[in-house]
Amino acid sequence: MALVQCISIVILQTIICSQNTLQANLLPDSTSNILSSTTTDPNMIPLSAADRLSRIKWENIAFIGFQIWFFGMAVDATVYQNTAEILALAFLNCLCSILGALEVVDGVKWLNLLKTTKYETIPLEVAEKIEIALSVVILAFAVIMSYLSFKMSKQFGWNIYKKIGADVRIQKMYRIFQFFVLALKIDIFTEFLISLFYLIQFAIKMAGSQWDTWVQLTVTILMLPMLYFARTAGSTESPGRMIIFLTFQGIVIVHFALVLNETFQTNNTWYTWITFVWIGIAIDLATIVLGILCMRNFGEGLQPYVQRGMENKNKHKDLELNKTNTNETWRIDD
């Protein structure tokens with residue numbers, strides 16, 4: 001189902017992106033100081049629309065990236081039976097449907113404005129119809145995936161119980177680690193992909209200080225390696241590695257502050273992207289808190305249950321088998 005959703009939405013978003021690009025090509029090139037102008041000025045409407053459509057194109061690309069990331073997450077959650085990940089995907093799918101509806105509202109707004117000018121609006125009219133269809137498709141998939149996620153979470157919960165046992169203390173620590181790993185996976189989109197799209201579309205065009213761009217570029221390049229670094233820090237229970245990662249997450253917040261400083265401008269209506277950045281900050285803070293909670297559980301007996309890879313899992317099975325054999329050897333008959 002996740003694959004069908006991915007293919008369907010990627011196709012629709014690609015068509016919308018192409019139509020927005022065609023419409024932008026029919027309009028005059030926007031100037032660098034367009035954000036300081038007034039959108040309601042009839043003479044500035046074509047310029048403002050051209051600037052907005054160029055940004056909407058990157059929102060379309062971001063939605064495509066989200067769907068590819070979503071499919072990878074769905075496969076990962078199914079293979080590794082991560083209950084928290086399954087439920088989080090259902091929530092993110094509903095959030096995606098809301099953003100899809102906002103995309104329709106924004107498209108209608110600019111279509112109505114451009115109709116008051118001499119420029120053709122056929123591509124934007126086509127994009128509007130496809131955006132409405134896209135919203136319906138996203139909502140339908142969100143409902144279906146939410147139902148499937150709820151059903152799968154029950155089975156996964158039972159599998160986790162069989163894996164860990166009835167030890168409530170270990171179960172609690174395992175849940176915290178699951179949420180930490182989930183936050184790392186969400187960070188792939190809310191940190192790395194959002195920062196990458198921002199650098200490509202916005203930061204390079206800015207005439208601001210050069211050091212801002214270099215800081216943002218460096219942080220973006222380091223994001224994926226540091227997320228993997230954090231996963232190994234948790235599985236090996238290394239306080240030093242975890243502290244390094246948490247420090248880096250603090251730097252990411254500074255990076256997002258620079259992004260917001262450059263995007264919060266007069267008459268800047270790039271609300272979708274600003275929302276993405278705020279979501280990134282929220283997930284970043286949650287990652288820091290969960291990382292601290294995981295670090296507090298180091299050395300408490302959780303490590304054998306959070307290994308990935310066949311070699312580590314086989315070691316854990318051998319350990320459990322040895323425990324079973326030992327108990328059977330020393331069993332005393334009543």
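Keep in mind the model is a prediction, meaning the values are calculated, not measured.
From S195, atom OG reaches atom NE2 of H255 across 3.0 Å, with rounding to the nearest 0.5 Å. A distance of 11.0 Å separates CG in N25 from CG in N20, rounded to the nearest 0.5 Å. Distance check: E191 CD to L193 CG gives 10.5 Å after rounding to the nearest 0.5 Å. Note that the OG1 atom of T218 and the CD atom of Q216 stand 10.0 Å from one another [nearest 0.5 Å]. Interatomic distance, CZ of R169 versus CG of N297, reported as 8.5 Å (0.5 Å rounding). Taken from CG in L290 to CD in Q178, the straight-line distance is 11.5 Å, to the nearest 0.5 Å.
Formation of a donor-acceptor pair under 3.5 Å by the S8 side chain with backbone atoms of Q5 is not found in this model.
Scanning all heavy atoms of the two residues, the minimum distance from T287 to A183 falls at OG1-CB, 3.4 Å. What you find for A62 and F276 is that their closest heavy atoms are CB-CE1, 4.4 Å. Scanning all heavy atoms of the two residues, the minimum distance from I61 to C17 falls at CG1-SG, 4.4 Å. Residues F298 and A233 share a closest heavy-atom pair of CZ-O, 3.7 Å. Here the closest non-hydrogen pair linking A50 and P28 is CB-O, 3.3 Å.
Within the 4.5 Å cutoff, no side-chain heavy atoms of I188 are placed close to those of M73. Using a 4.5 Å heavy-atom cutoff, the side chains of E120 and Q23 are not in contact. Side-chain contact between F180 and R231: absent, with no pair of heavy atoms (C-beta onward) separated by less than 4.5 Å. A 4.5 Å side-chain heavy-atom check between V4 and F141 finds at least one atom pair inside the cut-off. With a 4.5 Å cut-off on side-chain heavy atoms, L114 and L27 count as touching. Side-chain atoms of L92 and W69, non-hydrogen and from C-beta on, do get closer than 4.5 Å to each other. Between V219 and F256 there is no side-chain heavy-atom pair separated by less than 4.5 Å. In this structure the side chain of I122 never reaches within 4.5 angstrom of the side chain of L22, judged on heavy atoms.
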Using distance only, find each side-chain donor-acceptor pair of residues 124-140 under 3.5 Å and give its atom names and separation, not counting sequence neighbours.
{"unit_1": "E125", "atom_1": "OE2", "unit_2": "T121", "atom_2": "OG1", "d": "3.0"}
{"unit_1": "S135", "atom_1": "OG", "unit_2": "G100", "atom_2": "O", "d": "3.3"}
{"unit_1": "S135", "atom_1": "OG", "unit_2": "E131", "atom_2": "O", "d": "3.0"}

Let me see the working for L196 and M223 under side chain to side chain contact (heavy atoms under 4.5 Å, CB included), right down to the final yes or no.
CA-CA 10 Å; L196 181 63; M223 281 178 180; over 6 Å; no
Can T220 and F192 be said to form a side chain to side chain contact (heavy atoms under 4.5 Å, CB included), step by step?
CA-CA 6 Å; T220 301; F192 175 70; 4.1 Å; yes
Between T232 and R241, is the side chain to side chain contact (heavy atoms under 4.5 Å, CB included) condition met? List the steps.
CA-CA 8 Å; T232 62; R241 294 186 192 180; 3.5 Å; yes
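When the side chains of ILVMFWY residues are joined at heavy-atom separations under 4.5 Å, either directly or via intervening members, L184 and F229 end up in a single hydrophobic cluster. Criterion: ILVMFWY side-chain heavy atoms under 4.5 Å apart, direct or through other members. Under it, I251 and Y228 are not part of a common hydrophobic cluster. Note on I16: it does not cluster hydrophobically with L26, by side-chain heavy-atom contacts below 4.5 Å among ILVMFWY residues. In terms of hydrophobic clustering, with Ile, Leu, Val, Met, Phe, Trp and Tyr side chains grouped at heavy-atom distances under 4.5 Å, V259 and W278 are assigned to a common cluster. One hydrophobic cluster holds both L222 and F245 under the rule that ILVMFWY side chains link at heavy-atom gaps under 4.5 Å.
Side chains of Q13 and Q67: a donor-acceptor N/O pair is absent below 3.5 angstrom, by distance only.
None of F66, F70, F197 except one satisfies the ring-ring contact (aromatic ring centres under 6.0 Å, His included) rule with F189; the exception is F66. Of the candidates D284, V277, I279, I279 is the only one forming a side-chain contact (heavy atoms from CB on, under 4.5 Å) with T190.
Clustering of Ile, Leu, Val, Met, Phe, Trp and Tyr by side-chain heavy atoms under 4.5 Å joins I64 with V10, I68.
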